[in-house]
There are 2 protein chains.
Amino acid sequence: MPDTPPEPLSVDAGNPRPRSATIKDVARLAGLSPITVSRVLNNPAAVRPETIARVREAIAQTGYIPNLLAGSLVSGRSRLVAAIIPRLSNSMLVDFVQGLSDQLEARGYQLLLGLSGYPVEQEEKLLPAILSRRPDGVVLSGTDHSDETRQILQAAGIPIVETWDLTANPVDMVVGLSQEEVGAAMARFLLGKGRRRFGMIWACDKRARKRYDGAMAVLRAQGIELVPTVEVSKFPTMGLGRLGLSELLAGGEAFDAVMCSSDTLAQGVLTEAAARGISVPQQLAVMGFGDFDFSEHTMPPLSTIRVDKRRIGVLAANALLARMDGGQPAQRVIDVGFEIVERGTT
Amino acid sequence: MPDTPPEPLSVDAGNPRPRSATIKDVARLAGLSPITVSRVLNNPAAVRPETIARVREAIAQTGYIPNLLAGSLVSGRSRLVAAIIPRLSNSMLVDFVQGLSDQLEARGYQLLLGLSGYPVEQEEKLLPAILSRRPDGVVLSGTDHSDETRQILQAAGIPIVETWDLTANPVDMVVGLSQEEVGAAMARFLLGKGRRRFGMIWACDKRARKRYDGAMAVLRAQGIELVPTVEVSKFPTMGLGRLGLSELLAGGEAFDAVMCSSDTLAQGVLTEAAARGISVPQQLAVMGFGDFDFSEHTMPPLSTIRVDKRRIGVLAANALLARMDGGQPAQRVIDVGFEIVERGTT
DNA sequence: CTGTTAGCGCCTTCAG
DNA sequence: CTGAAGGCGCTAACAG
């Protein structure tokens, strides 16, 4: 990059990317045919050790880097897996993607990241662009997809995993947990602690909504009908949690428990409660969802629902891998479950 | 996926992926040549509107999805950008990747995510795999790369952006900020507040190290030589922050300021201080780095250094885009700067 | 504005 | 164990 030698006058000074070494260059240098080089790379077991050495040498000399575009085109396998998720900033998804990527990379696959944004329908726009790279598998976040999306995906004829939720009718496979069950478990848990006057601070997001419905069903079964609820944006922050509690309190009702759709919100509630001198858990129980890194260090430590976020990614990768490597289809529906973590706020 | 019709007895029941529609199928159906279909997709301005309509119709009927592997192979442009970063869980990187992806997608590029893991040398392993997909550009996290890496990258002949740090000698381009300056600014700021007895809680990570050195240089210039330091892992958590303060205190020294390599650690310090009845900022000033979402909501709100994480991604994308779209080379070194955010802990 | 020709770089298939 | 032929699906370059 430093001092490029002055080029001889040329009409077009544009630099046509210097053609990089191809399999032929390597073959010529090694005095072998291209196919032999190819075999060294893809199926070394079928080549004599000496030959391998010769090829390796030639590869090193030429700095050859195989062109997977060409390879994939003819082999029909791209070793690429696409993940389509709305955005990374959803803290649940970060660990998930990390698990996915780790597992995939270990098996020689790579991750094409499609950040579709909200609303979910955006996913439909991204899909053709993604599919045009001929991934060997696709991972989707959530189970709510447009008919169009489902159809295109089916037609692609590759393994698909939906994640985070559960459904009896997956596009292909699904790895997740029952969101309704989570909500129900939260409600039951708090009820068991003797709480009766509930407030909810909830993000308006489809999966969160299911947890909400699950909780409300349990509450209603107990004859608890009036449950003041503050809806906040899809992107929960501590600030929104604080605001949420303020709004709830402004309603004039008395509460003995606040459920939040995420730990981030719950942390905000804790902060606002402290600022107002409301003692947690004595006067108010608080419960979140997610068990984020900070959750055991809030004051008091936050009671929440733990989901193994990374594991969802790992299992999704495995489900794909099983099919892509031609193994038998894994289970179509995998429930990773969840766990109530009782700490100091309940 | 539901009821696949029973195939006539065949030796191999393996399902060879049903060959999907190609540009020829579309061309035939539209009564045109393949190249015309190609033009409708890549350069519609060069095609008569009626013809476009005919082609669009045929595409819809066949469910044709272009094969970019083939297209990229011949055109020499993959419309793919690779980002190589150690791991997502580093909270600074999430917003960064989001910015990168948003900007790239808006311009029709997609993101290949390479999570290299630590140590940084791992990056070298991933590189050939990434490059074999022939990305049009590469984004790297940090500026510390092995010679091998730098060389392979140069040889690839594509635009490269390093990020987060600054260097006079980038592989190609760099978008970041001076880490030493950040450390120096933190030290100066705290000194200006009259603090003199410093403790450091610092992650052992290369960039954090530079901030540390920057801070220490300023401190030493003031004759402050003894600065007890607790080193923690690369992966800062609140728990480590708490532990960090405990260890610092166990040393028996008296402190009036604690600097942390990240807000996460600082939040832990705040928690531990509260638990011990140490009043912040009266007895102890605390300062972090990053200005995370939670930082304005801690108690008291955290003083920190703000970096526009997303913007680094956006500018990195722009730098690449300028070159990939054949425009003029952007500036080679872009300093995004930073900002001291004074809140309640100093 | 549309078509023809020729190959991108590699791997499958079949032959030695 | 190694090689020759052929083509994956598409687009650059050149004609018309």
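What you see is a predicted model, and the numbers here were worked out from it, not measured in a lab. To find a chain, count down the sequence lines: A is the first, B the second, and so on, and within it residues start at 1. The analysis underlying the following values was restricted to heavy atoms, covering all of them including side chains, and did not include hydrogens, waters or symmetry mates.
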Before accepting this row, confirm whether a basic side-chain N of the pair [X]/[Y] lies closer than 4.0 Å to the acidic partner's carboxylate O.
X        : Y        : answer
A/Arg310 : A/Asp102 : yes
A/Arg28  : A/Asp25  : yes
B/Arg311 : B/Asp95  : no
B/Asp325 : B/Arg107 : yes

Can you name the atoms? Protein N/O to nucleotides 10-14 of chain D N/O, anything below 3.5 Å, with the distance.
unit_1, atom_1, unit_2, atom_2, d
D/dC10, OP1, B/Tyr64, OH, 2.4
D/dC10, OP1, B/Asn67, N, 3.2
D/dC10, OP2, B/Ile23, N, 2.4
D/dT11, OP1, B/Asn42, ND2, 2.8
D/dT11, OP2, B/Ser38, OG, 2.6
D/dT11, O5', B/Ser38, OG, 3.4

Once you round it to whole Å, what is the distance between [atom2] of [N] and [atom1] of [X]?
X       : N     : atom1 : atom2 : value
B/Glu50 : C/dT2 : CD    : C1'   : 13 Å
A/Arg28 : C/dG9 : CZ    : P     : 12 Å
A/Leu73 : D/dC8 : CG    : P     : 9 Å
A/Arg54 : D/dC1 : CZ    : P     : 15 Å

So, [X] and [Y]: side-chain donor and acceptor under 3.5 Å apart, yes or no?
X        : Y        : result
B/Gln98  : A/Arg87  : no
B/Glu124 : B/His145 : no
A/Gln110 : A/Arg79  : no

Heavy atoms of other groups near A/Asn43 CG, more than 12 under 6.0 Å:
yes

Just checking B/Leu69: base, sugar-phosphate only, or nothing, at a heavy-atom cut-off of under 4.0 Å?
nothing

Strictly below 4.0 Å: does A/Thr36 bring a side-chain N or O up to OP1 or OP2 of D/dG3?
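For D/dG3, OP1/OP2 do have a side-chain N/O of A/Thr36 under 4.0 Å.
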
If pairs are Watson-Crick or G-U with both distances under 3.5 Å, what is the dot-bracket string of DNA chain C, marking crossing pairs with [ ] and pairs to another strand with |?
||||||||||||||||

Nearest to the side chain of B/Thr51 - C/dC1, D/dG3, C/dT4?
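Side chain of B/Thr51 sits closest to C/dC1.
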
